[in-house]
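Keep in mind it's a predicted model, so treat the numbers as computed, not measured. Proteins get letters first, then strands, A, B, ... in listed order; numbering begins at 1 in each.
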Amino acid sequence: MKHLKLVIILMMLVMTGSVWAQQDVPPTPPGFTDWNDVLQQARGTTVNWYMWGGSDAINTFVDEFYGTVLQEEYGITLNRVPVADTVDAINLVLTEAEAGITEGGAVDMIWINGENFFTLRQADLLYGPWAETIPNSTLVNWENPAVAYDFGVPVEGYESPWSSAQLHFIYDSARMSADDLPHNFDELTAWIEANPGRFTYIAPGTGGFMGTRFVKEVLYSISGGYEQWVGEWNPELYAEWAPQLWDYLNGWESNLWRSGETYPANENELAQLFANGEVDFAMTQAVAGAGPLITAGLIPDTSRAFTFEQYSIGDYNYVAIPNNATNKAAALVLANLLLRPDRQAGHIRPETGFGLGYAIDINRVDDTDQAILEQAFVDLGDGAADPALLAAAFAPDMAPESQSIIETDWEANVLRK
Amino acid sequence: MSSESKPSGWQLIALLAPAVLVLLVLFGGGLAYSILQSLGWQPLIGQYRLSLDAYTSLLFSREYAEVFWSGLAFSLWISAASTLISTVLAVIVALLIYHTVRGTRLWTFLFQFNLPVPHLVAGVGMLFLLSQSGLLSRGTAALGLTHTPSDFPVLVRDTNGIGIIIAYVWKETPFIGIILLGVLRSISDSYDITARNLGANFWQRFRYIILPLITPSLLSASLIVFAFTFGAYEIPALVGVRFPRALPVTALRLFTDADLNARPQAMALSILIALIISLVIGVYLWLRGMAERLN
């Protein structure tokens, strides 16, 4: 027993040592032992990724840019399932839950954000928390509230970012000079009056989320700022400003395309009108501006993006995994791949047809990757608006309740009047 | 005469069972589920109380009433107009083809070639052809008749449903016409020859011989077209506008709404659409029965 003290000290050292060692072990996604376990379970399987299919350019991009890498490096087959609106994928998950399908669900991963994320969180149908357990999550700046809060709803690890988007506009440099461009909503109103029938915006509604965003920007502009609108939904504030918003939009109607009788239902329809010469402005959310649409051959080569000086709403978009997903492992591998620096640097380029912004923080990657990311930014090309101007005009989005309220009220107060 | 010429009661049941079962389970089951949901039964959000709230909300509430009644008027308009126009056109074309001497096969083929074209494709085709920056507009621009897209009349995506009616007429005229051709060919032309010999002119022959003979099939075909165009989704969704919106398009939009509370309304609207079609058909058949008895 003369060695007892020594034994006790040794044991205490071992225990504290193992506690330190525990802190070095990365967290693992729920249900898996470690990342190698995830990779192993994913190999040789197919992952069903439900995402908005309204852009041919993005569809082809996803199949080539991620599908081939998944197959070659991880042995995973990507099955991209296009939906007309993300809410369709949400409904599928909800219907399966209603039918009692708690595992083996059809949806493995959804490209999601905003009110759709809110719906699934409310119904507690998402797998997680996993977003901070995947290896590349260290590259994401989770301290940034724009990442950690999705439309004001805390993410809490239930979704992982893919890219960032910011709503701004496209014009055709062959038809208009940059000097004639409006840079705020008052100038836009004057332009519409001077050019009747040459402007329209996307109708807020299913598949028309860019239209809803545009209407919110108008609301920010006429109410003098966005600070009062972010955070929790304030029905009184909305009730105060809504009538003025509808009056403002109705004031445009007689000078809009088709006299405001109808509006294009989504980004593609507006791009078609723009390309056919029926209207003079299109809209985009891609950091690469007009580039992706030009690559897809949807708009003329002379198209350029530009932004207003303020109130350009931007946000991050994410991927989430339903609780009843059949193939969580492959979904995790895919989510991790989306954040890989070479993939991030790739997806911002206009040639890919995607052109949305970064989700990772350029300061958190190592030097070689940092060079690649910076170069990609430089290579955005002529079709893109000045990133510095975009950053200066950035405004966050409102609380999730705003989405359907604005869509319904717009239809009742602007479309039907 | 063997005793097996007429199936016994049990044999009859066994022979009909497969078809009836499919009908009962799939169609009847779906119908029953829709009715239940329209009465508010939604286990997913814990709603088990049955009520007519969805129906009253559709018909009278501030939120839905305008959409419902305008949609009803619009759907009735496009169905009635499409059915009437296609019926008249089908009769004309069928009679013309019936009376051609040479090339009957060619004309018949040309008349019916678009039958296998899906309605969705027909809708997209109409958009490409008739929109203000479509093929026809580019033709008139090349001819110097129009100078900008806005000079060309609005034919598709218009608030009067003209584009929808054009698309439906294009698709349904051959449908009715082919049925009529079949009936015309099965009528013995001895009636026609006798009438001509007795001095009847074309209008008299048409009114007193041909029309009564083709009316039963004409009526059935028109009712099918009416029911179809009233409940169909693709063409009004593609070629129509946001307001006024045909009822089936609104029903689907309510069904896919992120708010699950809108689902009973979606089901209620679908049931109402079915009821309205049944009502229209019922009224029409009753009127016809009355007309026959008066004759």
Side-chain angles (χ1 to χ4, degrees), chain A residues 83-100 114-120 122-123 125 196-198 203-208 211 257-259 261-265 269 272-279 400-401 403-405 407-412 414-417, chain B residues 33 37 41-47 61-67 69-71 127-128 131-135 137-138 141 146-161 163 237-245 249-250 252-263 266:
Chain A
V83 287
D85 189 279
T86 306
V87 79
D88 295 339
I90 308 304
N91 275 327
L92 184 52
V93 175
L94 287 171
T95 313
E96 285 186 343
E98 200 176 55
E115 77 282 12
N116 292 313
F117 174 67
F118 184 50
T119 307
L120 286 182
Q122 258 191 337
L125 289 174
R198 307 293 305 173
T206 313
W257 174 74
R258 292 282 304 275
S259 309
E261 262 184 7
T262 186
Y263 296 82
E269 281 188 30
Q272 264 176 16
L273 292 176
F274 173 72
N276 283 334
E278 284 188 62
V279 296
E401 294 86 337
Q403 200 78 359
S404 53
I405 291 177
E407 286 173 359
T408 325
D409 288 354
W410 178 85
E411 181 168 339
V414 178
L415 184 66
R416 288 198 236 139
K417 283 282 158 18
Chain B
Y33 187 68
Q37 279 226 318
W41 190 72
Q42 280 205 289
L44 188 67
I45 52 177
Q47 281 269 54
S61 79
R62 202 172 55 95
E63 201 183 342
Y64 293 115
E66 193 182 354
V67 175
W69 292 108
S70 63
L127 283 178
F128 279 145
S131 63
Q132 286 182 300
S133 48
L135 204 58
S137 168
R138 286 164 205 252
T146 58
H147 300 283
T148 68
S150 45
D151 287 342
F152 192 79
V154 178
L155 293 173
V156 288
R157 296 228 173 100
D158 63 302
T159 47
N160 296 312
L238 202 55
V239 183
V241 290
R242 191 77 174 265
F243 182 81
R245 210 178 217 173
V249 185
T250 306
L252 191 66
R253 196 202 70 73
L254 287 175
F255 183 77
T256 56
D257 198 319
D259 180 8
L260 279 183
N261 286 313
R263 201 159 285 194

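- Both the backbone and the side chain of V241(B) come within contact range of chain A, with heavy atoms under 4.5 Å apart.
- Considering OG of S137(B) and CD of E278(A), their distance stands at 7.5 Å, rounded to 0.5 Å.
- Taken to the nearest 0.5 Å, the CD atom of E98(A) stands 6.5 Å off from the CZ atom of R263(B).
- Note that CD of Q272(A) is 8.5 Å distant from CG of L127(B), once rounded to the nearest 0.5 Å.
- The closest side-chain heavy-atom distance from N276(A) to Q132(B) is not below 4.5 Å.
- Using a 4.5 Å heavy-atom threshold, the side chains of R258(A) and D158(B) count as touching.
- Between the side chain of R253(B) and the backbone N or O of G205(A) there is no donor-acceptor pair closer than 3.5 Å.
- Taking both residues in full, the closest heavy atoms of P149(B) and G277(A) are given as CG-O, 4.2 Å, listed atom of the first, atom of the second, then distance.
- Going from atom OG1 of T148(B) over to atom CZ of R198(A) covers 7.5 Å, rounded to the nearest 0.5 Å.
- Considering all non-hydrogen atoms of both residues, R242(B) and A203(A) come closest at NH1-CB, 3.2 Å.
- In this structure, CG in N91(A) is found 6.5 Å from CZ in F255(B), a value given to the nearest 0.5 Å.
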Original post:
Under the side-chain contact (heavy atoms from CB on, under 4.5 Å) criterion, do R157(B) and E269(A) qualify, and how do the steps go?
Top reply: CA-CA 12 Å; R157(B) 296 228 173 100; E269(A) 281 188 30; 3.6 Å; yes
